[in-house]
Amino acid sequence: MSAVPTPTWPAEFAARYRAAGWWRGETFGQVLRDRAAAHPDRIAVVDPAAGVRRTYGELDARADRLAAGFLARGIAKGDRVVVQLPNTSEFFEVIFALFRIGALPVFALPAHRESEIGYFCAFTEAVAYVIPAAHGGYDYRALAGKVRATSPALRHVFVAGGSPADADDGCEPLADVFAEPVEITGPHPHELAFLQLSGGSTGIPKLIPRTHDDYLYSVRGSNEICGVDEHSVYLCVLPAAHNFPLSSPGTLGALYAGGRVVLCPEPSPDTAFPLIEREGVTLTGVVPPLALVWTEAAAASAYDLSSLDVLLVGGAKFSEEAARRVRPALGCTVQQVFGMAEGLVNYTRLDDPAEVIVTTQGRPISPDDEIRVVDDADREVPAGEAGHLLTRGPYTIRGYWRAPGHNATAFTEDGFYRTGDIVRLTPTGHLVVEGRAKDQINRGGEKIAAEEVENHLLAHPAVHDANLVAEADPYLGERTCAYVILRAGAAPLKPAAVKAFIRQRGLAAYKVPDRVEFVTAFPQTGIGKISKKDLRAAAARTAHAPERDTGPVPVPAVE
Ligand code: OOB
């Protein structure tokens with residue numbers, strides 16, 4: 001096993017963050033223990049689809065019993081466990097059990113398939129993988145079977161909601177793992193709590209190492225800014241494993257405050273609105289396309305949404321026009337959130353003037369979040385001008401997990417993370433996201449690394465070269481268009497065949513190109529590099545034309 005040290009904060013920074021009170025020496029396992037001791041009978045997690053309501057005492061006890069079962073199966077401190085669970089109570093039992101041991105959840109999304117999961121399991125040398133018995137009509141056991149073949153370290157597959165028949169597939173029902181609690185020496189607060197996934201801009205996804213100390217600070221800071229307390233009821237609408245619903249302020253924020261988490265099995269107003277009424281939901285977080293849908297649906301809805309105080313919107317740029325419509329429709333305050341799994345999270349404040357709330361993406365959580373806005377040569381741009389956002393601070397990582405080569409360019413020498421976002425700072429210190437320099441497509445909050453999909457396109461025997469670019473979409477903000485050059489003499493391909501190929505390669509559905517264009521050549525820049533800028537312009541011109549089954553054609557020159 002390669003012994004690549006996990007990048008961390010230099011000692012003088014760690015000392016400063018502790019002295020300032022940002023890092024308090026807490027762990028997630030202990031936080032749950034303390035809350036359960038203080039109010040054991042209070043409801044912590046509601047899983048309406050399963051008809052389950054767990055008190056803090058129950059969640060705490062179940063995490064202990066699951067931790068004992070994991071330990072008995074040899075899952076130890078520092079081990080990686082890929083967790084791919086939907087919005088269910090088991091998600092919380094599993095992650096708190098792992099937190100207690102000091103084993104590291106690797107937060108996969110339910111949408112991930114063989115390509116992504118196979119990579120996570122193999123690269124992290126995961127010893128276990130946790131899947132749902134059923135979700136969205138997809139067979140996760142079959143996925144586990146395929147992943148096993150390429151992940152030699154993988155010893156266990158646990159099935160939440162599974163049955164004894166799972167043993168036939170070499171899986172084990174999660175319910176069988178619960179055991180008599182044992183004494184556990186947990187992790188230290190400065191040690192890793194989990195690995196989060198990066199949206200990525202390269203062919204290979206990057207893993208983000210977060211510690212108990214740093215992540216708990218982002219949760220506590222978020223709670224303060226979003227007014228989360230023991231009376232808060234957070235509706236988890238987005239996939240629970242994503243950083244936004246997990247910690248901004250998210251489910252962990254609600255649990256930290258002694259509030260309540262309500263799990264929404266899917267995000268449509270038909271499911272979410274009745275839950276808001278019935279459970280008295282006070283805040284939730286959604287991506288911009290969902291905010292649009294909810295805003296429209298609220299007008300015609302008979303459900304009482306008056307308990308909802310705050311709608312957090314983030315993950316992608318929320319347009320000013322859409323932001324203005326939220327309060328009249330839903331009767332709640334909007335909080336824009338501009339965050340990243342690597343760390344930095346910005347919020348508009350609840351008492352910001354309405355104009356600031358609708359026109360900016362907020363300001364950082366911490367007074368110790370350092371923000372630099374720079375040009376291509378890393379020089380500070382004049383105040384108020386747009387530039388690359390660099391950041392460093394008490395909950396922003398100093399490097400990806402086991403990626404020294406990539407870290408050399410993704411971080412400055414003095415430890416600032418290059419976010420790849422283009423922003424400008426307002427005189428009040430709020431950030432406005434103006435664009436992106438990284439080769440990533442933001443499809444309604446779901447991030448797609450262009451290179452990852454391009455590599456899969458190149459694997460098609462008839463494809464000579466391929467480029468993936470973003471084009472505007474009125475609902476998603478952005479969607480994808482793949483430009484493909486076929487090999488000389490290759491039989492013509494249809495767009496549908498290219499999409500089917502990508503799906504068969506085992507990529508998450510949101511990465512399948514929305515549109516495919518066959519061309520004879522790619523536009524080039526002055527020095528002969530492929531010009532994605534010109535491809536984006538070409539995509540914008542043809543976005544509304546139907547896909548052509550014939551081709552290829554030249555990409556028209558840009559005036
Ligand atoms: C959140 O985290 P990630 O890691 O999925 O994606 C981070 C990237 C940012 O670098 C930026 O490019 C984009 O997503 N982004 C936004 C945005 N929020 C995120 N771009 C424009 N406006 C916004 N409000 O997406 C995430 C993590 C924690 C909280 C909220 C979102």
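Counting starts at 1 for both ligands and their atoms, in listed order. Small disclaimer: the values here were computed from a predicted structure and weren't measured.
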Protein neighbours of ligand 1 with a heavy atom under 4.0 Å, given by chain and number, are His242, Asn243, Phe244, Ser248, Gly314, Gly315, Ala316, Lys317, Val337, Phe338, Gly339, Met340, Ala341, Gln361, Asp421, Val433, Lys438, Asn442, Lys447

Residues two or more places apart in sequence or in another chain: which of them pass salt bridge (Lys or Arg N to Asp or Glu O under 4.0 Å) with Glu380? Arg372

Are the aromatic rings of Phe194 and Phe107 close, with centres under 6.0 Å apart? yes

Are the charged groups of Glu26 and Arg220 less than 4.0 angstrom apart, N to O? yes

Testing the 3.5 Å rule here: is there a donor-acceptor pair between the side chains of Glu279 and Tyr234? no

Closer than 4.0 angstrom, basic N to acidic O: yes or no for Arg24 and Asp213? no

Find out whether His112 and Leu507 are in side-chain contact, i.e. whether some heavy atom of one side chain is under 4.5 Å from a heavy atom of the other. no

